[in-house]
Amino acid sequence: MIQRIQTVYLFSVFIFAVLFLILPKGNLEIDGMVYQIGSWNIASDDGLNRLNYSNVWGILSMIIPFVIMILTIYTTLIYKQRVLQIKLGKLNMLLHIILVVGTFFYLDALKSEFPGHFSYGIAIVFPLLSMLLILLANRAIRRDEQLVRSADRLR
């Protein structure tokens with residue numbers, strides 16, 4: 001049953017986690033120089049200048065997407081254990097909530113550390129979309145489980 005709709009949802013969650021790591025989380029303009037805040041560093045548009053800044057939330061926003069990717073792949077591959085899939089979907093939602101909160105704390109601390117104009121990047125939206133997709137996947141998995149249980153009652 002790997003060809004079900006929940007597989008598409010979970011694959012999209014995986015893609016969004018990859019995009020969250022690749023795309024910038026925000027832009028910071030300091031004295032006319034624009035810095036892109038990525039997962040690995042804070043660098044200027046031309047890549048020559050870098051800002052040194054790190055905190056616990058920044059490190060967590062780099063590690064948690066990898067955990068989410070591994071958990072999503074595992075959840076997709078255990079399609080015969082639907083109850084466990086639902087529980088892992090809930091764990092994945094918790095990780096996404098921690099990721100969103102951690103990223104906003106990291107960006108807020110960064111804004112207060114470096115004065116300048118700050119704007120959020122597109123990568124901030126991806127965990128929120130992933131949470132919606134996980135909810136849809138859990139709903140589809142729950143429907144499959146109900147269908148299997150009703151078929152077992154008929155036997």
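Atoms considered below: every heavy atom in the structure, side chains included; atoms not considered: hydrogens, waters and symmetry mates. The structure displayed is predicted, hence computed values, not measured ones.
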Could you list the donor-acceptor pairs under 3.5 angstrom formed by side chains in residues 14-25, with sequence neighbours left out?
| residue | atom | partner | partner atom | Å |
| --- | --- | --- | --- | --- |
| K25 | NZ | F20 | O | 2.6 |
| K25 | NZ | S39 | OG | 2.5 |

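- Separating the CD atom in Q81 from the OG1 atom in T75 is a distance of 11.0 Å, to the nearest 0.5 Å.
- No more than 12 heavy atoms of other residues, nucleotides or ligands shown are found within 6.0 angstrom of CZ on F105.
- Considering R4, K80, R149 as possible partners of D144, the one that fulfils the salt bridge (Lys or Arg N to Asp or Glu O under 4.0 Å) test is R4.
- Counted within 6.0 Å of CZ on F118, heavy atoms from surrounding residues, nucleotides or ligands total more than 12; the atom is thus considered enclosed.
- Rounded to the nearest 0.5 Å, atoms CD (Q85) and CG (L77) are 9.5 Å apart.
- The list of side chain to side chain donor-acceptor pair (under 3.5 Å) pairs with a residue in residues 89-98, not counting sequence neighbours, reads T72-N92, N92-H96.
- With a 4.5 Å cut-off on side-chain heavy atoms, L107 and I124 count as touching.
- Contact check for N27 versus H117: no side-chain heavy atoms found under the 4.5 Å cut-off.
- Looking at heavy atoms from C-beta onward, T103 lies in side-chain contact with L99 at the 4.5 angstrom threshold.
- Taking all atoms of both residues into account, the shortest heavy-atom contact from P127 to V100 is CB-CG2, 3.5 Å.
- Both V13 and L94 are members of a single hydrophobic cluster when ILVMFWY side chains are connected at heavy-atom separations under 4.5 Å.
- The distance from atom OG1 of T76 to atom OH of Y9, rounded to the nearest 0.5 Å, is 13.5 Å.
- I70 and M62 fall into different hydrophobic clusters, where Ile, Leu, Val, Met, Phe, Trp and Tyr side chains are chained together by heavy-atom contacts under 4.5 Å.
- Here the side chains of Y35 and I30 are in contact, with some heavy-atom distance below 4.5 Å.
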Self-check item: Residue pair I78, L88: steps toward the side-chain contact (heavy atoms from CB on, under 4.5 Å) verdict
Solution: CA-CA 10 Å; I78 60 165; L88 290 178; 3.7 Å; yes
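- Taking both residues in full, the closest heavy atoms of I64 and L95 are given as CG2-O, 3.7 Å, listed atom of the first, atom of the second, then distance.
- Residue pairs meeting the side chain to side chain donor-acceptor pair (under 3.5 Å) criterion with at least one member in residues 122-143, sequence neighbours excluded, do not occur.
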